[in-house]
Novice: 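My structure is below; once you've seen it, I'll send some questions.
Note that the numbering runs from 1 along the sequence shown for the chain.
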Amino acid sequence: MQNAEAYRKLSSAVSDLKAAQEQLVQQEKLASLGQLTAGIAHEIKNPLNFVNNFASVSLELIEEAKEEVDRISSTFNIQPSTLGESLADIGMNLKKIHEHGTRADKIVKGMLMHSRTKSGDIQKTSINGLVDEYVNLAYHGMRATDPSFSVEIKTDLDPTVGELNLVPQDLSRAILNIVNNACYAVNERKRAKGYADDMKPTVIVKTKLKKDGVQISIHDNGTGIPDHVRKKIFEPFYTTKPTGEGTGLGLSMTYDIIVHTLGGKLDIVTEEGKFTEFLIHLPFSK
């Protein structure tokens, strides 16, 4: 009987050791990939800055040239020439270069954040305090970029969840990403229905103490996620947002943080055209 119990404990220890070894190998691979990604992103960022800066300066020069052509035409009563039309075309091309250059810059910044392997020290963190702070930050960030944005934020924070040992910067980035997506989804549904519709954009954030950890749920009554999109939602660079509005790295980064960095789980419950709920499960520290 004792031999059987000893064998069981030994088998369990070996299994735990193998799992730990596999996790270390995976972490090392991710760290190496992160360093490579960061190096590539840094190399791209410098020439990209030149493209965006010169496109912006050139746009200003084009506007000045158009004004001068208009002034000369008016002064000497000359019919508008093809030069003005050509300058207008060049201006449109430069605007497109700047627009796509700006989007590329967002992607590069996202890659740099995605590749960051060390974001801070592990510390005891109040889950409710962090969630409340960054939900408000996400809301006011959306309001700053779009003054017409309007959504009701509701919170139901379980006072018993207490603190967890983690890197607060990591969890805060994940919360920001999900709440930003939730706000975007409810705003898009409201826009599609027409602002006169009685649909009230709402995001509900809850925390709850579980037997093996803490659950954070972020529910929105937005556009929902179709099945074919849901399968790809955590893939890097996958986005359903219009050009210039998304990089496709936010949810990919969030998945990496919750699952790989914090050792938790990230699930989605959704119905197209009705709602989406992200469920974050954070385990207790061992």
Side-chain angles (χ1 to χ4, degrees), residues 103 106-107 110 114 127 131-132 134-158 171-208 210 213-260 262 264-282:
R103 179 170 182 260
K106 288 181 181 178
I107 292 172
H114 207 288
I127 299 302
V131 168
D132 189 50
Y134 282 90
V135 167
N136 284 327
L137 187 62
Y139 171 77
H140 289 297
M142 293 290 287
R143 288 281 294 169
T145 56
D146 182 6
S148 66
F149 171 78
S150 178
V151 61
E152 183 178 6
I153 303 285
K154 296 181 180 180
T155 56
D156 181 8
L157 308 180
D158 183 351
L171 182 58
S172 64
R173 285 161 63 200
I175 298 296
L176 270 176
N177 284 334
I178 295 176
V179 175
N180 280 338
N181 274 277
C183 289
Y184 180 87
V186 295
N187 204 38
E188 284 300 294
R189 183 180 176 189
K190 185 67 176 178
R191 183 181 299 164
K193 281 179 166 287
Y195 289 105
D197 188 82
D198 60 357
M199 175 259 179
K200 190 170 185 178
T202 307
V203 175
I204 303 171
V205 182
K206 298 180 181 180
T207 60
K208 189 173 183 180
K210 296 285 189 177
V214 171
Q215 178 177 283
I216 303 169
S217 66
I218 300 171
H219 181 285
D220 69 71
N221 62 340
T223 53
I225 305 173
D227 287 340
H228 71 279
V229 172
R230 184 178 174 181
K231 296 174 183 177
K232 303 178 181 179
I233 203 76
F234 296 126
E235 293 180 7
F237 302 111
Y238 182 80
T239 180
T240 58
K241 294 178 182 177
T243 301
E245 292 190 25
T247 62
L249 287 170
L251 288 179
S252 169
M253 186 191 307
T254 298
Y255 184 85
D256 279 349
I257 288 171
I258 299 300
V259 176
H260 298 134
L262 300 179
K265 295 179 182 178
L266 180 58
D267 296 314
I268 303 176
V269 180
T270 184
E271 185 174 344
E272 187 176 358
K274 292 188 176 181
F275 75 93
T276 297
E277 184 172 23
F278 282 85
L279 297 169
I280 301 171
H281 179 81
L282 301 172

Novice: Can you check whether Ile218 reaches Asp220 side chain to side chain, under 4.5 Å on heavy atoms?
Specialist: no

Novice: Whether the side chain of Arg189 engages the backbone of Lys274 through a donor-acceptor N/O pair (distance < 3.5 Å, no angle test) should be reported.
Specialist: yes

Novice: To the nearest 0.5 Å, tell me how far Ile175 CD1 sits from Ile216 CD1.
Specialist: 4.5 Å

Novice: Please name the residue in the list Ile258, Ile257, Val259 that meets the side chain to side chain contact (heavy atoms under 4.5 Å, CB included) test with Ile280.
Specialist: Ile258

Novice: Give me the atom names and distance for the closest heavy-atom approach of Ile153 to Cys183.
Specialist: CD1-SG, 4.4 Å

Novice: Angle between ring planes, His219 versus Phe275, binned at 30° and 60°: parallel, tilted or perpendicular?
Specialist: parallel

Novice: Would you check if the side chain of Asn221 reaches a backbone N or O of Lys200 as a donor-acceptor pair within less than 3.5 Å?
Specialist: yes

Novice: Checking Ser172 now: which residues fulfil side chain to side chain donor-acceptor pair (under 3.5 Å) with it, not counting sequence neighbours?
Specialist: none

Novice: State, to 0.1 Å, how close Val131 and Leu157 come at their nearest heavy-atom pair, and which atoms those are.
Specialist: CG1-CD2, 4.2 Å

Novice: Do the side chains of Thr276 and Ile268 get nearer than 4.5 Å, heavy atoms only?
Specialist: yes

Novice: Can you confirm whether Asp267 sits close enough to Val269 that some side-chain heavy atom of one is under 4.5 Å from a side-chain heavy atom of the other?
Specialist: no

Novice: Taking Asn180 for its side chain and Leu176 for its backbone only, find out whether a donor-acceptor pair lies under 3.5 Å.
Specialist: yes

Novice: Closest approach of Ile127 and Leu171, non-hydrogen atoms and distance?
Specialist: CD1-CD2, 4.0 Å

Novice: Just wondering, do Tyr139 and Val179 contact through their side chains at under 4.5 Å, heavy atoms?
Specialist: no

Novice: Does the side chain of Val135 come within less than 4.5 Å of Val203's, by heavy atoms?
Specialist: no

Novice: Please report the interatomic distance NE2(His260) to OH(Tyr255), rounded to the nearest 0.5 Å.
Specialist: 5.5 Å

Novice: Main chain of Gly273, side chain of Thr223: is a donor-acceptor contact present, judged purely on distance under 3.5 Å?
Specialist: no

Novice: Please check this pair: side chain of Thr254 against backbone of Asn177, looking for a donor-acceptor N/O pair closer than 3.5 Å.
Specialist: no

Novice: Can you tell me how far CG of Leu279 sits from CD of Glu277, rounded to the nearest 0.5 angstrom?
Specialist: 4.5 Å

